[in-house]
Structure formats: structure tokens, C-alpha cells
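Notes for the one structure printed next.
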Number of protein chains: 2
Amino acid sequence: MAGTRLDPIDRKILAELQADGRMTNVELAKRVGISAPPCLRRVRTLEEAGYIRGYHADVDARELGFEVQVFAMVGLASQAEVDLTAFEDRCRAWPLVRECHMLNGEVDFILKCAAPDLSSFQRFLTGELLTTPNVASVKTSLVIRGAKDEPGVPFDVLEERLSNSA
Amino acid sequence: MAGTRLDPIDRKILAELQADGRMTNVELAKRVGISAPPCLRRVRTLEEAGYIRGYHADVDARELGFEVQVFAMVGLASQAEVDLTAFEDRCRAWPLVRECHMLNGEVDFILKCAAPDLSSFQRFLTGELLTTPNVASVKTSLVIRGAKDEPGVPFDVLEERLSNSA
DNA sequence: GCAGATACGAAAGATTATTGCGCGTGCTTT
DNA sequence: AAAGCACGCGCAATAATCTTTCGTATCTGC
């Protein structure tokens with residue numbers, strides 16, 4: 001099922017649902033140029049094949065009282081697979097950590113965190129992250145302001161790429 | 001409208017829609033403990049008040065051929081407001097740049113980028129980002145693997161916080 | 001205690017989701 | 001080539017959901 005290739009309609013569906021995940025199926029069908037039933041079948045197939053992982057409301061963190069967003073660059077003392085996994089498990093357990101990516105280069109992980117205020121984050125930083133075994137260094141950077149926050153992938157780049165390779 | 005406070009039901013709605021943005025309104029109403037009509041009214045109000053910015057399908061970038069994800073730390077030569085805004089505008093115009101956050105500290109911006117492959121990204125890096133006026137330094141880190149990628153904010157932290165301050 | 005505002009829930013009509021089925025298209029097989 | 005097969009579309013019908021309308025309860029402020 002992983003080798004299932006997508007046709008232009010499937011890609012359009014994904015692009016539309018990425019832009020508006022609550023679009024009704026009839027509206028979606030209209031936009032991609034087929035009738036509703038096959039459109040819904042395609043969506044289900046895309047979901048089951050894993051192209052669509054889920055749907056999420058994009059909530060305004062600041063309006064909700066999460067004033068602080070921080071990127072944390074974490075270096076570990078040991079990069080053995082066991083230790084990497086252990087740290088990842090910790091990250092998954094921390095609610096304030098929204099994203100955790102393993103990187104190449106001098107920094108091992110980058111964490112995107114959301115906290116109600118600075119003191120909450122500091123408490124997490126000093127009380128949790130810095131006291132975690134194997135954590136050697138943490139450099140944090142506060143987000144002053146967000147300039148762009150697009151979800152997912154740029155489908156126009158994908159289309160361009162496919163038309164060039166045709 | 002910004003001062004509109006949320007009650008526990010509103011917060012539950014937001015939490016549920018963040019977890020599953022395609023949930024039907026009747027299912028949502030059932031979960032938050034009210035009937036469908038007032039539930040829909042609340043959702044509309046939350047949307048109009050800006051608590052909900054939109055809904056997005058979470059697509060699998062790798063399955064779609066975006067094998068490469070990169071964080072780029074960008075330093076500018078001038079941090080005058082005009083120059084900051086100019087750089088942000090550039091970022092908004094680059095499809096490969098999915099997120100752009102202004103930071104404190106030595107690095108001015110962090111960019112999250114998605115590209116089909118390494119050479120695509122290198123082409124963007126050398127041909128676009130590095131040739132942009134006012135860009136003084138760029139340090140890139142490839143994402144080896146993703147360990148956590150939760151959308152939005154941790155509502156359990158919010159609830160905990162509210163119950164403590166009551 | 002009494003307006004007024006606010007928000008709920010029941011009912012009804014409109015819209016949408018979902019299933020079943022027949023048809024056409026394209027590919028493989030003979 | 002022509003028959004057979006698989007795949008995917010669209011139509012029609014049914015089930016579920018969405019959305020509006022309306023009457024009532026609860027709360028607030030006077």
C-alpha cells in the first residue's frame with residue numbers, strides 16, 4: 001500500500017484538506033472536479049494509507065493564555081540509541097514540549113515548547129529538562145514574534161516537481 | 001471580544017477539536033455534555049473570536065515525497081524593524097519555508113523548512129536564502145527523525161493552571 | 001422581586017454523508 | 001482483435017448530520 005501512487009486528484013484533495021480540514025465532502029468534490037461519492041472514497045483511502053494522519057483545529061495559543069513559545073536546543077552526553085530513545089520518551093511525556101526533532105550537527109535535539117508564562121517555562125527548564133539524566137547542554141530561545149506558520153507541505157512545489165519530471 | 005473568557009465547556013470543545021478537527025458536531029456535543037445546537041453556536045463563536053484559526057489535515061510529508069526537513073538559524077546584519085519585516089516577507093513568499101519565528105539571543109530567526117530532497121534544499125539555501133540581502137549567517141540542521149509532533153497547546157496544563165488559581 | 005440578557009434543548013427542514021448499483025474505460029488474456 | 005477482468009466514476013436512495021426557529025429556564029442587575 002506504500003507504493004500506491006497518487007494521481008492529480010488525490011494531490012488536490014490533500015492540498016484542499018490541508019488548507020481547510022473541515023471542508024464538506026461535497027465542497028471538496030466540487031473543487032477537485034469529481035462527484036461526492038468517489039471523492040469520499042478517495043479521502044478514506046488516503047486516510048487509511050497514512051497520507052492523512054489526522055485533522056486538527058489550529059487554536060490561537062496566545063488567546064488561550066500560552067504567551068510563551070520557546071525553542072530549546074538540547075545536547076546529550078551519550079548518543080547511544082538507548083539514550084536517544086530514552087530522551088525522546090521523556091519529551092513525549094512532557095506536555096509543554098509540543099515538538100521534538102532529532103538533528104544532525106552539534107545539537108542533538110530541538111524542542112518547541114509552549115508555556116503559559118515565563119516562570120512556568122523556567123520551572124520546567126530547571127526542574128525537568130535540566131535535571132534529566134544524560135542532558136548535557138540546553139540553549140533556549142524565546143520566540144519574540146511569529147512571522148509564518150504554515151501547516152504541512154507546499155503542494156505547489158510538489159506539482160512543479162512532478163511536471164518537470166514528466 | 002478579546003476579553004471574552006472561556007468556560008470549561010469552551011475549553012473542552014477546543015481540546016476536542018484540536019485532537020480531531022473533523023469530529024461531527026453531534027459527536028462533539030456528546031463529548032462536551034451539551035446538545036448539538038448550542039455546541040455549534042459555541043464553535044462558531046470560538047471561530048469568529050479567533051480562538052480557532054482554522055482546520056488542517058495533517059499530511060504525511062515523507063509519504064508525499066518531502067524527505068527532508070531542516071531547521072535554519074538565520075542571523076541578520078541589521079535588526080532594524082524595516083529589515084526584520086523585509087526578511088519576514090521573504091520567508092512568507094518561500095514555499096519551502098513552512099515556519100518562521102523571530103527569536104531573542106544571538107540568532108534572529110529560526111526557519112522550519114520542508115524539501116523533496118537534499119539537493120532541492122541546497123538549491124534553495126545557496127540560491128535564495130544566502131543571497132538574500134541583509135542575511136549575515138545561516139546555520140542549518142537536518143532533522144534525522146521526528147520524535148514528537150503535537151499540534152497546538154497542552155490543554156491539560158491549562159486546566160491544571162486554572163484549577164490552581166481558583 | 002422583577003425586567004433583560006443569555007444560553008439551553010426540542011423540533012423541523014435543509015444539507016451532507018454514505019451505501020448500492022450500473023456503466024464506461026483501459027488493460028490483460030486468448 | 002475480441003472477450004474477460006478490474007477499476008473507478010456517477011446516479012439514486014437512504015441515513016446521518018447540520019442548521020435554524022422557537023419556547024423555556026437561569027442568572028444578573030436594578
Side-chain angles (χ1 to χ4, degrees), chain A residues 1-60 63-65 155 158-159 162-163 165-166, chain B residues 1-60 63-65 155 158-159 162-163 165-166:
Chain A
M1 195 65 80
T4 310
R5 213 61 210 120
L6 300 177
D7 66 10
I9 295 180
D10 286 322
R11 294 196 297 273
K12 191 102 195 290
I13 288 175
L14 290 172
E16 292 289 345
L17 286 180
Q18 178 176 277
D20 178 7
R22 274 218 109 156
M23 193 181 302
T24 65
N25 184 58
V26 294
E27 173 66 20
L28 180 61
K30 197 182 308 172
R31 293 198 187 193
V32 304
I34 59 178
S35 64
C39 185
L40 187 61
R41 282 191 288 262
R42 278 168 180 265
V43 172
R44 295 279 179 265
T45 304
L46 290 169
E47 288 170 354
E48 278 155 28
Y51 287 99
I52 299 175
R53 270 198 292 254
Y55 303 88
H56 306 285
D58 176 18
V59 305
D60 190 314
E63 287 276 333
L64 273 163
F155 277 95
L158 183 61
E159 293 301 332
L162 289 172
S163 61
S165 68
Chain B
M1 195 66 78
T4 310
R5 213 64 211 118
L6 301 178
D7 66 9
I9 294 181
D10 287 322
R11 293 196 299 273
K12 191 102 195 292
I13 287 175
L14 291 171
E16 292 289 345
L17 286 180
Q18 179 175 275
D20 179 6
R22 275 221 117 173
M23 192 181 303
T24 66
N25 183 58
V26 295
E27 173 66 20
L28 180 62
K30 198 182 307 171
R31 293 198 186 193
V32 304
I34 59 179
S35 64
C39 184
L40 186 62
R41 279 192 289 262
R42 279 168 180 265
V43 172
R44 295 278 181 266
T45 304
L46 290 170
E47 288 170 354
E48 278 155 28
Y51 287 99
I52 299 176
R53 270 198 290 253
Y55 303 88
H56 306 285
D58 176 17
V59 305
D60 190 314
E63 287 276 335
L64 273 164
F155 278 94
L158 183 62
E159 294 301 333
L162 290 171
S163 62
S165 68

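Note on naming: letters A, B, ... go to the chains in the order of the sequence lines (proteins, then strands), and numbering restarts at 1 for each one.
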- Query: With side chains defined as the heavy atoms from C-beta onward, is the minimum distance between Val32(B) and Arg42(B) less than 4.5 Å?
  - Reply: no
- Could you encode protein contacts along nucleotides 13-18 of chain C as a string, one character per nucleotide from 5' to 3', using B for base contact, S for sugar-phosphate-only contact and - for no contact, with a heavy-atom cut-off of under 4.0 Å? ---SSS
- Task: To the nearest Å, give me how far apart CG (Asp10(B)) and P (dT6(C)) are.
- Result: 15 Å
- Task: Indicate, with a heavy-atom threshold strictly under 4.0 Å, whether Arg42(B) touches base, sugar-phosphate, or nothing.
- Result: sugar-phosphate
- Between Val59(A) and Arg53(B) the two heavy atoms that sit nearest each other are O-NH2, 3.5 Å
- Rounded to whole angstrom units, what separation is found between the CD1 atom of Ile9(A) and the P atom of dC9(D)? 6 Å
- Message: Without decimals, in angstroms, what is the distance between Ile34(A) CD1 and dC11(D) C1'?
- Response: 14 Å
- Of the non-hydrogen atoms in Gly21(B) and Tyr55(B), which two are nearest, and what is the gap between them? O-CD2, 3.9 Å
- Item | Pairs involving residues 22-41 of chain A, ordered by first then second residue, that meet side chain to side chain donor-acceptor pair (under 3.5 Å) (sequence neighbours left out) | Glu16(A)-Arg31(A), Glu27(A)-Arg31(A)
- In whole angstrom, give the distance that lies between atom CZ of Arg41(A) and atom P of dA6(D). 18 Å
- Query: Can you tell if the side chain of Thr45(A) reaches within under 4.5 Å of the side chain of Asp10(A), non-hydrogen atoms only?
  - Reply: no
- Query: Shortest non-hydrogen contact from Glu63(A) to Tyr51(B)?
  - Reply: O-CE2, 3.6 Å
